[in-house]
*Asks:* 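What follows is a single structure, and I will ask about it in a moment.
The model shown is predicted, which means the values in this text are computed figures rather than measured ones.
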2 protein chains.
Amino acid sequence: MTVRPYTKALDRLKSVGLRPTRQRLGLGKLLFEGGDRHVTAEDLHGQASQAGVRVSLATVYNTLNQFTEAGLLREVVVEAGRSYFDTNTSAHHHFFYESTGSLQDIPAEQVRVHNLPAAPAGTSVSRVDVIVRLRAGT
Amino acid sequence: MTVRPYTKALDRLKSVGLRPTRQRLGLGKLLFEGGDRHVTAEDLHGQASQAGVRVSLATVYNTLNQFTEAGLLREVVVEAGRSYFDTNTSAHHHFFYESTGSLQDIPAEQVRVHNLPAAPAGTSVSRVDVIVRLRAGT
DNA sequence: GTGATTGCAAATCTTTTGCACTAAA
DNA sequence: TTTAGTGCAAAAGATTTGCAATCAC
């Protein structure tokens, strides 16, 4: 069997109609071939450098936004002034470690949110986020 | 009965040991005497101007942060790069209107979150936020 | 080739900070 | 007085954008 390092990323790009450029493939590989991940633009830019993928920070931002619009990523906002991008796009929730700024998925099936008021007239629910903020200590 | 326009704000400031300066009183009055509110620093600065309370944007930021640290406000993060401050500091959740960027409280008693995994070892839950994101349309 | 994509630097936006000035106690 | 608080302008971060150069098709 041949090694096809970019296959998953390539397929994802194709499936959403984004031209598979060197940097999109490189970033896609980093994002999609390492299990579920939560990264900031800065994080990903650093990882790209280490992995030898040459890409500017501006392009990392643009790419993350394009991937998010295309539904390949999900943006998670838990802290003012910093966006996280989550490779897990299915319904789920998050633990947020306040001391380290890191995120951890909570499977959606596991959580039950009851008695939410109905969406106000003229609107519909696009997403329900549950964020469990954790502090260090007992 | 005498009119005591700053009473509520004054009491709150005293209760947390913040010196009641002209601008803190002015901002406090705007914040605490208008029912539950969700404001950004920019919002509040604008409202202060209109109300004739002269205060710089920097001081608005500083004041919002001090009030939040003192427990008079609660910071709500729903959008990247923008912080909302909520005058309702009791446990509750939020509707977020994506199209307008506005927030609406959902009373906590009304919502039941079941089966949340326990806080990981070495941590404890500081807060559980439920954000119901609404889009315009049905 | 031709249009999409990228890189870079500059621009934007929100928020914070340093410091001289002002006001509360 | 004495010390906390304020305003302003500059600084700091995160993110976006304009445009010429580059790459995918």
Side-chain angles (χ1 to χ4, degrees), chain A residues 6 9-30 38-49 52-70 72-73 75-85 101 103, chain B residues 6 9-30 38-49 51-70 72-85 101 103:
Chain A
Y6 287 144
L10 216 201
D11 292 346
R12 299 219 192 191
L13 290 180
K14 278 186 181 167
S15 73
V16 296
L18 284 173
R19 187 184 285 188
T21 63
R22 183 163 13 276
Q23 24 287 294
R24 284 188 185 146
L25 283 169
L27 296 177
K29 178 177 152 76
L30 287 171
H38 304 94
V39 300
T40 63
E42 204 76 54
D43 286 343
L44 185 58
H45 185 241
Q47 292 165 18
S49 300
V53 178
R54 292 179 55 258
V55 60
S56 71
L57 183 56
T59 296
V60 171
Y61 273 105
N62 292 330
T63 301
L64 285 171
N65 287 146
Q66 291 156 352
F67 283 11
T68 301
E69 272 169 49
L72 299 179
L73 292 176
E75 192 174 358
V76 182
V77 182
V78 283
E79 270 188 315
R82 179 185 254 72
S83 275
Y84 291 81
F85 293 86
L103 286 167
Chain B
Y6 287 144
L10 215 202
D11 292 345
R12 299 219 192 191
L13 290 180
K14 279 186 180 165
S15 74
V16 297
L18 284 173
R19 186 185 287 190
T21 63
R22 186 164 11 279
Q23 23 290 293
R24 284 186 186 149
L25 282 169
L27 296 177
K29 180 176 150 75
L30 287 171
H38 304 92
V39 301
T40 63
E42 203 77 54
D43 286 344
L44 185 59
H45 185 241
Q47 292 166 19
S49 299
V53 178
R54 291 178 56 259
V55 59
S56 71
L57 183 56
T59 296
V60 172
Y61 272 105
N62 291 157
T63 302
L64 285 172
N65 288 147
Q66 292 157 352
F67 283 11
T68 301
E69 272 168 50
L72 299 179
L73 293 176
R74 189 217 239 217
E75 191 174 0
V76 182
V77 182
V78 283
E79 272 189 312
R82 178 187 255 71
S83 275
Y84 291 81
F85 293 86
L103 285 167

*Asks:* Using chain B heavy atoms and a threshold of under 4.0 Å, write down where along DNA chain C the contacts begin and end, 5' to 3'.
*Replies:*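 The footprint of chain B covers C/dT14 to C/dA25.
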*Asks:* Could you check A/Thr59 against A/Gln23 for side chain to side chain donor-acceptor pair (under 3.5 Å), going step by step and ending with a plain yes or no?
*Replies:* CA-CA 8 Å; A/Thr59 296; A/Gln23 24 287 294; over 6 Å; no
*Asks:* Decide yes or no for B/Gln47 and B/Val39: does some side-chain heavy atom of the first lie under 4.5 Å from some side-chain heavy atom of the second?
*Replies:*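 In short, these two side chains touch, coming nearer than 4.5 Å.
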*Asks:* Spell out, as yes or no, whether a donor-acceptor pair under 3.5 Å connects the side chain of A/His45 to the backbone of A/Val55.
*Replies:*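 Present.
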*Asks:* Would you give a per-nucleotide map of nucleotides 12-25 of chain D, 5' to 3', where B means the base has a protein non-hydrogen atom under 4.0 Å away, S means only the sugar-phosphate does, and - means neither?
*Replies:* --SBBB------BS
*Asks:* For the residue pair A/Ser83 / A/Glu75, report whether a side-chain donor-acceptor contact shorter than 3.5 Å exists.
*Replies:*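 Side chains of A/Glu75 and A/Ser83: pair found under 3.5 Å.
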*Asks:* Using whole Å, what does the distance between atom P of nucleotide D/dT6 and atom CZ of B/Arg54 come to?
*Replies:*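 After rounding, the gap between these two atoms is 14 Å.
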*Asks:* What are the two closest heavy atoms between B/Ala41 and B/Val60, and how far apart are they?
*Replies:*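 It is O-CG1, 3.5 Å.
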*Asks:* A/Val77 versus B/Glu79: any side-chain heavy-atom pair under 4.5 Å?
*Replies:*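 A side-chain contact is absent here, since even the closest heavy-atom pair is not under 4.5 Å.
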*Asks:* Please tell me if the side chains of B/Val76 and B/Phe85 come closer than 4.5 Å, counting only heavy atoms from C-beta onward.
*Replies:*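 No, every pair of side-chain atoms sits at 4.5 Å or beyond.
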*Asks:* Going through the checks in order, is the side chain to side chain donor-acceptor pair (under 3.5 Å) test met by A/Asp43 and A/Thr40?
*Replies:* CA-CA 5 Å; A/Asp43 286 343; A/Thr40 63; 3.1 Å; yes
*Asks:* Would you indicate whether the side-chain heavy atoms of A/Leu13 and A/Phe67 approach each other to under 4.5 Å?
*Replies:*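 A/Phe67 vs A/Leu13: side chains touch.
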*Asks:* Looking at five pairs on each end of the helix from C/dG1-D/dC25 to C/dA25-D/dT1, what is the angle between the two axes, given to 10 degrees?
*Replies:*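 Taking the rotation axis at each end, their angle is 30°.
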*Asks:* Any side-chain heavy atom of B/Arg24 within less than 4.5 Å of one from B/Leu27?
*Replies:*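 Of all side-chain heavy-atom pairs linking B/Leu27 with B/Arg24, none is under 4.5 Å.
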